[in-house]
Peer 1: 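Here it is: the structure, laid out below.
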Amino acid sequence: VLLVKNICLLILFLFFDIAAFLNFSLAIFNLLPIPPFDGSRIFFIFLPVKWYFGIMKYERIIMLVFLLLLIQNFCHVYILVNAKILFQRR
(Lines give C-alpha, C1' and ligand atoms only; values in the text may rest on other atoms or scores of the structure.)
Protein backbone atom coordinates (compact mmCIF):
# COMPACT_ATOMS: atom_id res chain seq x y z
CA VAL A 1 0.00 0.00 0.00
CA LEU A 2 2.88 2.34 0.83
CA LEU A 3 4.53 1.62 -2.53
CA VAL A 4 1.33 2.43 -4.42
CA LYS A 5 0.97 5.68 -2.47
CA ASN A 6 4.56 6.68 -3.27
CA ILE A 7 4.08 5.90 -6.97
CA CYS A 8 0.89 7.98 -7.07
CA LEU A 9 2.65 10.89 -5.38
CA LEU A 10 5.54 10.61 -7.83
CA ILE A 11 3.19 10.65 -10.82
CA LEU A 12 1.34 13.63 -9.39
CA PHE A 13 4.62 15.47 -8.76
CA LEU A 14 5.84 14.77 -12.30
CA PHE A 15 2.54 15.97 -13.77
CA PHE A 16 2.72 19.29 -11.93
CA ASP A 17 6.41 19.63 -12.69
CA ILE A 18 5.80 19.23 -16.41
CA ALA A 19 2.76 21.56 -16.26
CA ALA A 20 4.80 24.27 -14.51
CA PHE A 21 7.67 23.91 -16.99
CA LEU A 22 5.29 24.11 -19.94
CA ASN A 23 3.55 27.16 -18.48
CA PHE A 24 6.86 28.96 -17.90
CA SER A 25 8.14 28.06 -21.37
CA LEU A 26 5.00 29.38 -23.06
CA ALA A 27 5.18 32.59 -21.02
CA ILE A 28 8.75 33.20 -22.19
CA PHE A 29 7.81 32.27 -25.77
CA ASN A 30 4.94 34.78 -25.66
CA LEU A 31 7.42 37.58 -24.87
CA LEU A 32 9.14 37.29 -28.26
CA PRO A 33 9.01 40.65 -30.05
CA ILE A 34 7.20 39.24 -33.09
CA PRO A 35 3.82 40.89 -33.87
CA PRO A 36 1.39 38.10 -33.04
CA PHE A 37 2.89 37.77 -29.54
CA ASP A 38 2.54 40.10 -26.55
CA GLY A 39 6.25 40.86 -26.53
CA SER A 40 5.79 42.88 -29.69
CA ARG A 41 3.29 45.14 -27.94
CA ILE A 42 5.87 45.82 -25.22
CA PHE A 43 8.67 46.27 -27.75
CA PHE A 44 6.69 48.58 -30.04
CA ILE A 45 5.91 51.01 -27.20
CA PHE A 46 9.38 52.42 -27.82
CA LEU A 47 8.83 52.91 -31.58
CA PRO A 48 7.34 56.02 -33.17
CA VAL A 49 3.59 55.76 -33.85
CA LYS A 50 4.11 55.79 -37.63
CA TRP A 51 6.45 52.80 -37.47
CA TYR A 52 4.16 50.96 -35.08
CA PHE A 53 1.15 51.16 -37.38
CA GLY A 54 3.34 50.42 -40.39
CA ILE A 55 4.45 47.14 -38.81
CA MET A 56 1.00 46.27 -37.41
CA LYS A 57 -0.40 46.55 -40.94
CA TYR A 58 1.52 43.38 -41.75
CA GLU A 59 0.82 41.54 -38.49
CA ARG A 60 -1.18 38.74 -40.11
CA ILE A 61 1.44 38.15 -42.80
CA ILE A 62 4.24 38.10 -40.22
CA MET A 63 2.26 35.62 -38.12
CA LEU A 64 1.70 33.30 -41.10
CA VAL A 65 5.38 33.42 -42.08
CA PHE A 66 6.42 32.71 -38.49
CA LEU A 67 4.02 29.77 -38.23
CA LEU A 68 5.18 28.36 -41.57
CA LEU A 69 8.80 28.57 -40.44
CA LEU A 70 7.92 26.91 -37.15
CA ILE A 71 6.01 24.08 -38.87
CA GLN A 72 8.81 23.64 -41.41
CA ASN A 73 11.34 23.35 -38.59
CA PHE A 74 9.27 20.72 -36.76
CA CYS A 75 8.78 18.73 -39.97
CA HIS A 76 12.50 18.90 -40.71
CA VAL A 77 13.42 17.58 -37.24
CA TYR A 78 10.72 14.87 -37.46
CA ILE A 79 12.04 13.66 -40.83
CA LEU A 80 15.66 13.66 -39.62
CA VAL A 81 14.86 11.70 -36.48
CA ASN A 82 12.79 9.13 -38.36
CA ALA A 83 15.39 8.78 -41.11
CA LYS A 84 18.10 8.22 -38.51
CA ILE A 85 16.04 5.52 -36.83
CA LEU A 86 14.97 3.96 -40.13
CA PHE A 87 18.45 3.77 -41.68
CA GLN A 88 20.34 2.75 -38.58
CA ARG A 89 22.80 -0.04 -39.11
CA ARG A 90 21.94 -3.05 -37.06
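It should be emphasised that the depicted structure is a prediction, and the values quoted were computed from it without experimental measurement.
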Peer 1: Considering residues at least two apart in sequence or located in another chain, which fulfil the side-chain contact (heavy atoms from CB on, under 4.5 Å) criterion with Leu64?
Peer 2: none

Peer 1: Please confirm whether the backbone N or O of Pro33 pairs with a side-chain atom of Arg41, one donor and one acceptor, at under 3.5 Å?
Peer 2: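 Here the side-chain-to-backbone pair does not exist.
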
Peer 1: May I have all residue pairs that pass salt bridge (charged side-chain N to carboxylate O under 4.0 Å, His left out) and include part of residues 5-18, sequence neighbours excluded?
Peer 2: none

Peer 1: Considering only residues two or more places apart or on different chains, which pairs with a residue in residues 23-37 satisfy side chain to side chain donor-acceptor pair (under 3.5 Å)?
Peer 2: Asn30-Asp38

Peer 1: Applying ring-ring contact (aromatic ring centres under 6.0 Å, His included) as the test, list every pair that has at least one member in residues 18-38; sequence neighbours left out.
Peer 2: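 Every ring-ring contact (aromatic ring centres under 6.0 Å, His included) pair that includes a residue of residues 18-38, provided the two are not neighbours, is Phe29-Phe37, Phe37-Phe66.
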
Peer 1: Would you mind listing the cluster partners of Phe16? Hydrophobic ones only (ILVMFWY), side-chain contacts under 4.5 Å, chaining allowed.
Peer 2: Leu12, Phe15

Peer 1: Taking Ile55 as the starting point, is it possible to reach Ile42 by hopping between hydrophobic residues whose side chains are less than 4.5 Å apart?
Peer 2: no

Peer 1: Starting from Leu2, walk the hydrophobic network (Ile, Leu, Val, Met, Phe, Trp, Tyr; side-chain heavy atoms closer than 4.5 Å) and list everyone else you reach, by chain and number.
Peer 2: none

Peer 1: Can you list everything that forms a side chain to side chain donor-acceptor pair (under 3.5 Å) with Arg60? Sequence neighbours excluded, please.
Peer 2: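 None.
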
Peer 1: Using side-chain contact (heavy atoms from CB on, under 4.5 Å) as the criterion, list what pairs up with Met63, not counting sequence neighbours.
Peer 2: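 For Met63 the side-chain contact (heavy atoms from CB on, under 4.5 Å) partners, ignoring immediate neighbours, are Pro36, Leu67.
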
Peer 1: Ile18: which other cluster members, linking ILVMFWY side chains closer than 4.5 Å, directly or transitively?
Peer 2: none

Peer 1: Quick check: is Ile28 connected to Leu70 through a chain of hydrophobic side chains (ILVMFWY, heavy atoms under 4.5 Å apart)?
Peer 2: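 Different clusters.
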
Peer 1: Working to the nearest 0.5 Å, report the span between CD1 of Ile62 and CD1 of Ile34.
Peer 2: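 Spacing of CD1 (Ile62) from CD1 (Ile34) equals 9.0 Å.
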
Peer 1: Sequence neighbours left out, cut at 3.5 Å: what donor-acceptor pairs do the side chains of residues 44-52 make with other protein atoms?
Peer 2:
none

Peer 1: Check which hydrophobic residues are tied to Leu3 through side-chain heavy-atom contacts below 4.5 Å, counting indirect links as well, and list them.
Peer 2: Ile7, Ile11

Peer 1: Identify the two heavy atoms, one from Met56 and one from Ser40, that lie closest to each other, and give their separation to 0.1 Å.
Peer 2: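 Of all heavy-atom pairs spanning Met56 and Ser40, the closest is CE-OG, 4.3 Å.
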
Peer 1: Under the salt bridge (charged side-chain N to carboxylate O under 4.0 Å, His left out) definition, can you give me all pairs with a residue in residues 20-36, not counting sequence neighbours?
Peer 2: none

